[in-house]
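Working notes for the structure below.
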Amino acid sequence: MSDPISQELFARASKVIPGGVNSPVRAFRAVGGEPVFIKEARGPVLVGADGAEYVDYIGSWGPMVLGHAHPDVVAAIQDAATRGSSYGAPTEAEITMAERIRDAVPTMEMSRLVSSGTEATMGALRVARGYTGRDLIVKCIGGYHGGADYLLVKGGSGLATLGEPDSAGVPAAIAGTTLLIPYNDAYAIEKLFSERGSEIAAVIIEPVAGNMGCIPPDPVWLDAIRTQTQNHGALFICDEVMTGFRVAWGGAQALYDIRPDLTCLGKIIGGGLPVGAYGGRRDIMEKVAPVGPVYQAGTLSGNPLAVAAGLTTIEHLLRPGVYEDLERKGDQVQGLLEQHAGAAGVPITVQRVGSMVTAFFRDKPVRNWDESCDTDREAFGRWHAALLENGVYWPCSQFEAAFISLAHDAEALEKTGRAFKAAFAAL
Ligand code: KE4
């Protein structure tokens with residue numbers, strides 16, 4: 001149950017904003033109840049509208065890897081703001097960002113900044129279609145890559161099916177340019193390419209799934225995508241909007257030693273401000289306007305304040321021991337989940353890659369969308385509410401990953417352990 005102030009704010013918001021929120025997941029519809037409104041945040045803590053404090057595992061759905069209101073990020077934004085908030089003209093900082101991205105993710109020889117992950121995947125898929133001259137794209141059932149029409153599609157049954165709209169307003173003809181395959185299924189990829197390889201422009205995947213809960217990839221599957229795209233003249237796109245700079249300095253492609261043709265970034269590279277990026281092989285990216293025929297543009301692309309926040313954030317991640325620290329914190333949270341669920345006799349499976357983690361309410365591993373759906377989401381909802389009662393704000397959907405920041409200190413983790421104990425015991 002949210003607090004009286006949040007309830008009042010939610011009633012007011014619902015009159016003027018669809019569902020009272022500016023992004024659907026925030027409405028708590030997947031867990032029941034009404035959303036807690038937040039008035040500020042610092043380090044690992046969110047402060048609710050009524051002043052209640054919560055240990056935060058949303059992290060703005062990934063960007064806040066340093067924790068909230070990091071003094072260096074705040075100072076960088078303030079400093080940039082004194083020089084104006086947007087010019088609509090090129091700046092040196094954008095070059096530095098593209099160079100940092102290239103240094104961290106060597107497959108991104110060239111990149112273009114945009115203002116969201118959605119724009120990043122749209123840009124990557126358009127240049128893939130422009131480069132190959134082909135129309136069909138392939139995505140995973142359960143994969144989420146932002147709100148472009150041709151990505152809001154669901155699959156039918158069977159190994160690889162043409163997409164049907166998964167949202168009103170998406171024309172069937174558009175959805176029909178997307179083929180869907182199960183996550184982690186190498187056979188499905190091989191079969192699809194044997195049948196339609198010459199029509200496919202690109203395969204886009206989350207190299208670690210984060211939008212059906214956290215699902216690590218099967219390396220055999222990753223290799224199959226790389227091999228099949230290579231052999232049939234299609235492009236391999238890694239959507240690292242969530243995993244970029246999260247699971248490793250070089251992202252999931254560094255962790256799993258894969259070389260995609262194009263990569264999408266977002267979240268962390270904006271440090272909490274709106275930034276996305278897409279990039280990859282120079283011969284592909286030189287198809288992008290104004291050099292090549294693939295048009296893509298954005299008023300606030302490369303915005304000076306957002307780039308300042310992003311550069312400061314990723315510069316902090318360059319420091320020695322950062323990813324070992326995130327791994328340690330992630331391991332501690334996983335241990336607390338397993339300890340307290342076990343003690344309460346609640347069957348869960350915890351899946352984690354570094355500092356992104358999901359507690360699946362099921363007693364078997366989750367390798368794809370169907371298995372992610374085979375979870376006790378009613379119990380998850382009650383567990384989520386009990387965590388809120390005990391001062392922990394966990395992602396408000398079984399199909400989301402939780403994010404741990406460098407600011408999650410011993411005090412935050414100790415409070416988390418107490419909340420896990422109480423919430424599992426309450427089920
Ligand atoms: P945005 O357009 O929301 O910046 O990014 C879209 C996107 C693209 N690719 C991946 C792998 C993503 O996870 C996302 C966005 N992630 C969701 C959380 N699962 C954003 C939260 C929301 O929709 O409110």
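Every number for a ligand or one of its atoms is a count from 1 in the order of the listing. Being a predicted model, the structure only gives us computed values, none of them experimental.
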Tell me whether atom 3 (O) of ligand 1 lies less than 4.0 Å from at least one protein heavy-atom position.
no
Taking the inter-plane angle between the rings of F193 and H232 on a 0 to 90° scale, is it parallel (under 30°), tilted (30 to 60°) or perpendicular (over 60°)?
tilted
Show me which atoms of ligand 1 lie under 4.0 Å from any heavy atom of M242.
13 (O), 19 (N)
E94 and L113 have their tightest heavy-atom pair at CG-CD1, 4.4 Å
I want to confirm something. Looking only at heavy atoms, which of K267, R26, E240, H145 is nearest to atom 15 (C) of ligand 1?
K267
As a check for students: among G146, G244, S23, C264, identify the option with a heavy atom nearest to atom 6 (C) of ligand 1.
G146
Check each atom of ligand 1 against the heavy atoms of S116 and keep those under 4.0 Å away; list them by number with element.
2 (O), 4 (O)
Report the relative orientation of the aromatic rings in W394 and W383; use parallel for angles under 30°, tilted for 30 to 60°, perpendicular for over 60°.
perpendicular
Ring-face cation contact, Y150 with R129, 6.0 Å cut, 45° max:
yes
For C238 and Q253, the nearest pair of non-hydrogen atoms, with its separation, is CB-NE2, 4.5 Å
Which segment of T118 sits under 4.0 Å of ligand 1 when only heavy atoms are counted:
both
Would you please classify the geometry between the H384 ring and the F28 ring as parallel, tilted or perpendicular, with 30° and 60° separating the classes?
perpendicular
Any nitrogen or oxygen of D239, main chain or side chain, under 3.5 Å from a nitrogen or oxygen of ligand 1?
yes
Between D363 and T349, the two heavy atoms sitting closest are C-OG1, 3.4 Å
Distance to 0.1 Å, residue and atom name: give those for the protein heavy atom nearest to atom 12 (C) of ligand 1.
N211 ND2, 3.7 Å
Polar contact flag for G117 and ligand 1 (N/O pairs, less than 3.5 Å):
yes
Decide whether an N or O pair under 3.5 Å exists between W61 and ligand 1.
no
If I compare all heavy atoms of W221 with all of A186, which pair ends up nearest, and what's the gap?
CD1-N, 3.6 Å
Could you find the nearest protein heavy atom to atom 18 (C) of ligand 1 and give me its residue, atom name and distance?
E400 OE1, 3.5 Å
